[in-house]
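So the structure is just underneath, and the comments pick up after that.
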Amino acid sequence: MINVSTNLEELSWIPRPRLLALRRLGIETVEDLLTHFPRRHEDRTEFPHFPREESDVPICLCGEVIKTSLRRFGGWKKIFEATLQEPQPNALSEPLVCRWFNLHYVQKMIMTGQRIVVFGKPRLRGKRICMDHPEFEVIENDEEISIHFRRITPIYPATEGLSQRVLRGIIYRVLNDVSGTAWEPIAPRSLVRARRSDAVRAIHFPETWEVRDAAREHLVLSEFFAMQMLIAARRFESSARPAQAHCGAGALPDKFLKSLPFELTRAQRKVISEISRDLAANYPMNRLLHGDVGSGKTVVAIAAMLLAVEAGYQAAFMAPTQILAEQHYEVLRRWLERLGVHIALRTGARQEESGPMPLFTRNENLGSARLQRAGDGILPSRTFLESESTLGAHYSRRRLPHFEKPWAIYAVTIATAHRRSLSLQARTIVLNAWRHFHNTRYELFAICVMPHHVHALFQPWPKNEASDEETTFWSLAELMRSLKSFSAREINRAEGKVGSVWEKETFDRYIRSDRDLADKFHYILRNPWDAGIAKPNEDYPWVWTQDDEVHIAESSSPQNATTSTLQACAPQISADEPQIIVGTHALLYEDVSFSNLGLAVIDEQHKFGVAQRARLTAREPAPDVLVMTATPIPRTLTMTIYGDLDVSTIDEMPRNRGRIVTAVRDTSKLGEVLSFLRTELERGRQLYVIYPLIDESEKLDAKAAAAEYELWRERLHPFRCELLHGRIPAAEKQQVMDRFRRGDTNALISTTVLEVGVDVPNATVMLIENAERFGLAQLHQLRGRIGRGEHKSYCILLSSNQTQEASAKLAVLERTTNGFEVAEADWELRGPGDVLGTAQSGLPALKIGDLKRDADLMRRARAAAISIFEMDPRLELPENQRFRRLIVEQQGQSFSHVS
Ligand code: ADP
Ligand code: MG
């Protein structure tokens, strides 16, 4: 008897090539095989009588071959025909003619007198009923036949190297051999009644359609339940973490709200009160705020931050791009400085505030001076993503040295040229060089600078401005080039030397697993001692890990700094710290920049992965976290991808909003469109022209952007245009935006860097070129840039060569400006995976359930999971042990809250 965990290799009857093909599908055990569920089923139950009419659904028939013939037509072409008669013919019976064109082997397989089963669509050809190219089989053994025909037959997802028949045959046999008691139930009895083994059997070979449906429901519920247990575990785990209340009495936010030139909407008020309840509680807030573009999320976020500030905590406001961070900063300064709130901006390009800047003072510090680093250091924990899970990530293959994966982690070694020895000063320069780009271009886990080489462990980051669909990563080669030249220049300058510092080659290795990461990490930390550069009880300051930054912050008062001569000169962090820090998401990695973080607000969550959020929530003590998104999320997704968050919704727009009219126009109508644009410009309104770029990073496209810009300048003359795209340096970009905001510029020709959050109320016209190339969600985001003031706004979607698909998509936008409707339609057109990148959620992939179709089952599974946790949050009861195992199995690590 075989078991669910039996490896298929142990089954000697499966030929080796088949095993290999199965393994390519990730199928190794009996359980893997039997949970390779059919994609659909075909009704191949046998019809007792031959049809007399055509049918659009294929049917299964069995009969005796009474005649065969081979006919030629058109020279070399051949038709083979086999005429079948039904088993118990009567006077009214019609024979069935099966035909195969140019299939030589069929004629060798079928002979008069045989019984065969066929499956196909009957068609009327003249007076005859024909079936062209049916699936067929000669009946020699009735059991074998019954696997593939005369039943509701499973059709599996397409598999390379395995035909449906072979796969079906293997599954059939394994199902017969596997012990029925081997299947442990997944879902509780309250959710599913039948035995899991019966459901598995029935999903493959159901007796009836009702049985199939029941089996599917069982398996979907089980799958959803497992997922919801994982989500609930995360949720209970995070709410059990120690945290403080971060809520002031409310006088400060009140003062702020009173100073606004408008009244809050009912929805905004409701959400603020939901947030303040969370802030006041002594468990960490994990809340998602979603509201359509322009619904006024920023004001809500500010009110929340002021509550935290009033209670004596810092608040952080993180935006996905520099432009947005700058814009938030301006808004906050305008509204809050007069309330005496101290605000700071922290982005790669600009650091600004009235007080000192603790972030920068840190750069003078070197690695901490703890002795003997063996086994020391907090190991970075990572998820190793497969390339398909990093949705939309684009990695140019042209940027060799070798193929580089998004989110890859590398261990690199750089040697000095001609074994040039790095002086102590040079080592400091190198270490600082690496730390300089840390958190802007990559994340640095560990580094050690040795006299003749550098070892580092790091992960390249996406480049900042890229939008969702065109994420480009810093390439290894690019990074090495800038690190080497940057540090070489500094070293030569400091030492008054010339000549090369570094070897041309860099040794790099791609890290493949947590194990690998841990090994490399410890190797780097131990290196100076293992290599004998430092004595066992001696300090080596040029070893650095991320937690050193925290230690530096903690120990940076002079009396603690005696451990290191280098630290002795570190300036003290001022007590006068900003109360609100605005920055990009990179702020997350700047541990030191917060001394007392109470609330973190993350704007535009859809640009922000679960892993990053986890990073924030893992801090001790845990801050409250509010993530905001303008991409409305359909209900089922809020139960899954964001299932561990509480959800607040702003479902109402401020009343003063002008209408947005959207129109799709063919490129041939550009003339009319232009004259319309000019009229609006003459009325004093401003214009966005958006054009798509495939890859922001390509030089070629910068050229295209420039050409585009010239064209538009001519078209709109004498109105003033400016150009905005991803390759413009951040500072300049900011100036362009400022001029547009002030109205100095009439039109902005831009790529999708404009996509999120930009707020210029007088800009009321938007023209999107090649609109069909954008996704619906993105178009909706873009359109959200207009309609922000009281003027009526216009969005024109220019599109050529409209396919049916493209026009269906664009028509959605003509029809509605409601983001939720757009999101639903998007889901309808593309499927949920694409809408938000389920893969990024860190949840297991679904094998059978369908997030949209099975929304109701998801609701039931969620309720069941939550109720188990509510009764037994630590899963201690004996009857809940199997659920605990279920969670541990899925997340591949222990359930820390429980164990
Ligand atoms: P989003 O939700 O897209 O981030 P914002 O917070 O940027 O939207 O708000 C868009 C604009 O609406 C801003 O100019 C903001 O000042 C304004 N606004 C916010 N709330 C209201 C309100 N209740 N009434 C009128 N205008 C508002
Ligand atoms: Mg916003």
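In listed order, ligands and their atoms are each counted from 1.
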Can you tell me which residue pairs pass the salt bridge (charged side-chain N to carboxylate O under 4.0 Å, His left out) test with a partner in residues 677-686, sequence neighbours excluded? Glu680-Arg683
List the steps and the verdict of side chain to side chain donor-acceptor pair (under 3.5 Å) for Gln686 and Asn762. CA-CA 6 Å; Gln686 285 164 288; Asn762 190 45; 3.1 Å; yes
Would one find an N or O of [X], backbone or side chain, under 3.5 Å from an N or O of ligand 1?
{"X": "Gly296", "value": "yes"}
{"X": "Thr298", "value": "yes"}
{"X": "Val299", "value": "no"}

Heavy-atom contact check, 4.0 Å cutoff: does Ser295 meet ligand 1? yes
Those atoms of ligand 1 less than 4.0 Å from some heavy atom in Thr265: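 Counting from 1, the qualifying ligand atoms are 23 (N).
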Ligand-side contact atoms (ligand 1) for residue partner Asp759, heavy atom cut-off under 4.0 Å: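 Those qualifying, in numeric order: 11 (C), 13 (C), 14 (O).
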Is there a salt bridge (Lys or Arg N to Asp or Glu O under 4.0 Å) between Asp646 and Arg235? Walk through the geometry before answering. CA-CA 9 Å; Asp646 295 309; Arg235 192 187 171 102; 2.5 Å; yes
Using 30° and 60° as the class limits, which term best fits the ring planes of Phe676 and Tyr794: parallel, tilted or perpendicular?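 Answer is perpendicular, since the angle exceeds 60°.
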Exceeds 12 heavy-atom contacts within 6.0 angstrom, atom CD of Glu814: yes
For ligand 1, does Met628 get within less than 4.0 Å through its side chain, its backbone, both, or neither, judged by non-hydrogen atoms? neither
